[in-house]
Amino acid sequence: MNQSTTKHTKVLILGSGPAGYTAAVYAARAMLKPVLVHGIQPGGQMTITTDVENYPGYAEVIQGPWLMDQMKEQAKAVGTELIEDHIKSVDLSKNPFKAIGDNGKIYTADSLIISTGAQARWLNLKSEEEYKGFGVSACATCDGFFFKQKEVAVVGGGNSAVEEAIFLTKFASKVKLIHRRDKLRAEKLLQTKLMKNKKIEIIWDSVVEEVIGQKDPKNVTGIKIKNLKTNSLSDLKIDGLFIAIGHDPATSLFKGQLDMDKDGYIITKPDSTATKIPGVYAAGDVKDKIFRQAVTAAGMGCMSALEAEKFLSEKFS
């Protein structure tokens, strides 16, 4: 095996975004010379988030992609090596751990930080794609604030959809919850809370067919919905559409090697990013389905680097 196709590092970080970049900053400052491997779109979900008002330290509204660029440059400046590659397989059965890239490059590492993130599930409509960040969102806690005294719709029927609908009533004048069935999957307590809320109206047995909007300024003005029982179409005037049909963590690479919950999120030890394999850590949305914020992902990135540093100092002392 020649050296050019194999790269060894003390700390290998898979995935960028707030968790990966923060882990890289801490690991680099600990003189561990981390290698961070990212895909073709570094920065994760933050790169499709336009206005960010809740990241600490910025009094002015900042842009998600800009924040990720700043984190990336910071990671580089303190000594992280950034590599663009697509990892197709990993072997965590022995240390050093091994990851293989698309072009055959092999990365070996004494410790591994997994920060591959998660993706929101979307409706996969062309019109939805067009208005992402311009009235179409997958995060009420991030974007609810922008819809003060406006009418919005939430799509979904599980806990997160109901929680988002209730949360949005703090800002919006009216919230329509659109669900494809005639009953919700959310837990009963949440359903009771939802039904009691005067600002929420449920539209049963319906799906969104199209997002309607204007070009200048670019924003959502309504949606076309279809009743699945009658097949009738109707237009609904709204200012914002929130998709809450779940997230998929990017964990397929680690199936069978790490413990995961039923939704595919990596399970870590309490108050820790440590997985069941010593030296392997998981940070950010790949393990967190509760908060899913840039700031909590960054916090876990910090934890993972500190835990990796401690692991390495004990292993190689």
Side-chain angles (χ1 to χ4, degrees), residues 1-40 42 44 71-72 75-76 78-117 249-260 264-269 271-287 297 300-317:
M1 196 189 296
N2 70 34
Q3 277 312 106
S4 65
T5 58
T6 306
K7 184 164 197 67
H8 182 75
T9 177
K10 288 177 183 161
V11 183
L12 178 63
I13 301 164
L14 298 183
S16 48
Y21 288 143
T22 307
V25 167
Y26 274 81
R29 287 176 54 88
M31 302 301 177
L32 295 172
K33 297 192 174 75
V35 170
L36 184 151
V37 180
H38 62 79
I40 49 172
M71 286 194 184
K72 180 181 177 184
K76 257 178 22 193
V78 290
T80 305
E81 185 179 348
L82 297 164
I83 299 172
E84 185 188 310
D85 198 353
H86 180 259
I87 300 297
K88 60 180 183 184
S89 71
V90 293
D91 181 359
L92 308 179
S93 63
K94 56 183 183 299
N95 194 316
F97 308 114
K98 193 157 82 172
I100 299 170
D102 257 351
N103 54 8
K105 192 172 176 88
I106 296 166
Y107 305 88
T108 59
D110 299 322
S111 67
L112 175 69
I113 294 171
I114 299 164
S115 53
T116 44
T251 54
S252 55
L253 271 179
F254 314 104
K255 284 215 161 70
Q257 303 191 68
L258 292 173
D259 291 341
M260 296 179 195
Y265 289 85
I266 295 171
I267 295 168
T268 58
K269 292 173 181 167
D271 300 321
S272 166
T273 62
T275 67
K276 70 167 186 181
I277 298 174
V280 178
Y281 306 91
D285 285 15
V286 80
K287 65 142 280 179
M300 280 182 263
C302 160
M303 287 163 66
S304 67
L306 295 175
E307 289 186 287
E309 182 191 8
K310 187 168 186 286
F311 166 79
L312 292 169
S313 69
E314 286 167 3
K315 183 177 189 294
F316 295 103
S317 58

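Computation of the quantities below employed the complete heavy-atom set of this structure, encompassing side-chain atoms and omitting hydrogens, waters and symmetry-equivalent molecules.
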Ignoring hydrogens, what is the shortest heavy-atom contact between [X] and [Y]? Give both atom names and the distance.
{"X": "Ser111", "Y": "Leu312", "result": "OG-CD1, 3.8 Å"}
{"X": "Tyr21", "Y": "Pro42", "result": "OH-CB, 3.4 Å"}
{"X": "Ala109", "Y": "Leu12", "result": "CB-CB, 3.5 Å"}
{"X": "Pro18", "Y": "Ala297", "result": "CB-CB, 4.1 Å"}
{"X": "Ala75", "Y": "Ala24", "result": "CB-CB, 4.0 Å"}
{"X": "Ala19", "Y": "Ala283", "result": "CB-O, 3.7 Å"}

request  = Just do the side chain to side chain contact (heavy atoms under 4.5 Å, CB included) check on Asn95 and Asp110 with the steps written out, would you?
outcome  = CA-CA 6 Å; Asn95 194 316; Asp110 299 322; 4.0 Å; yes
Heavy atoms from other residues, nucleotides or ligands near [atom1] of [X] exceed 12 (cutoff 6.0 Å):
{"X": "Lys315", "atom1": "NZ", "answer": "yes"}
{"X": "Phe97", "atom1": "CZ", "answer": "yes"}
{"X": "Lys255", "atom1": "NZ", "answer": "yes"}
{"X": "Asp271", "atom1": "CG", "answer": "no"}

Do the side chains of [Y] and [X] get nearer than 4.5 Å, heavy atoms only?
{"X": "Val280", "Y": "Phe254", "answer": "no"}
{"X": "Asp102", "Y": "Asp85", "answer": "yes"}
{"X": "Pro249", "Y": "Ile266", "answer": "no"}
{"X": "Lys72", "Y": "Ser16", "answer": "no"}

Working to the nearest 0.5 angstrom, can you tell me the gap between [X] [atom1] and [Y] [atom2]?
{"X": "Lys10", "Y": "Lys33", "atom1": "NZ", "atom2": "NZ", "answer": "6.5 Å"}
{"X": "Asp91", "Y": "Leu253", "atom1": "CG", "atom2": "CG", "answer": "12.0 Å"}
{"X": "Thr273", "Y": "Met300", "atom1": "OG1", "atom2": "CE", "answer": "9.0 Å"}
{"X": "Thr108", "Y": "Lys7", "atom1": "OG1", "atom2": "NZ", "answer": "9.5 Å"}
{"X": "Glu309", "Y": "Met31", "atom1": "CD", "atom2": "CE", "answer": "11.0 Å"}
{"X": "Tyr281", "Y": "Ile114", "atom1": "OH", "atom2": "CD1", "answer": "11.5 Å"}

query = Could you go step by step and tell me if Thr251 and Lys287 meet the side chain to side chain contact (heavy atoms under 4.5 Å, CB included) rule?
reply = CA-CA 9 Å; Thr251 54; Lys287 65 142 280 179; over 6 Å; no
task = Please name the residue in the list Thr80, Leu14, Thr9 that meets the side-chain contact (heavy atoms from CB on, under 4.5 Å) test with Leu36.
result =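 Single side-chain contact (heavy atoms from CB on, under 4.5 Å) partner of Leu36 among Thr80, Leu14, Thr9: Thr80.
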query = Donor-acceptor pair, Gln257 side chain versus Val90 backbone, under 3.5 Å?
reply =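 It does hold such a pair.
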task = List the steps and the verdict of side chain to side chain contact (heavy atoms under 4.5 Å, CB included) for Leu258 and Ile277.
result = CA-CA 7 Å; Leu258 292 173; Ile277 298 174; 3.7 Å; yes
ask   = Ile87 and Thr116: side chain to side chain contact (heavy atoms under 4.5 Å, CB included), yes or no, with the steps?
value = CA-CA 11 Å; Ile87 300 297; Thr116 44; over 6 Å; no
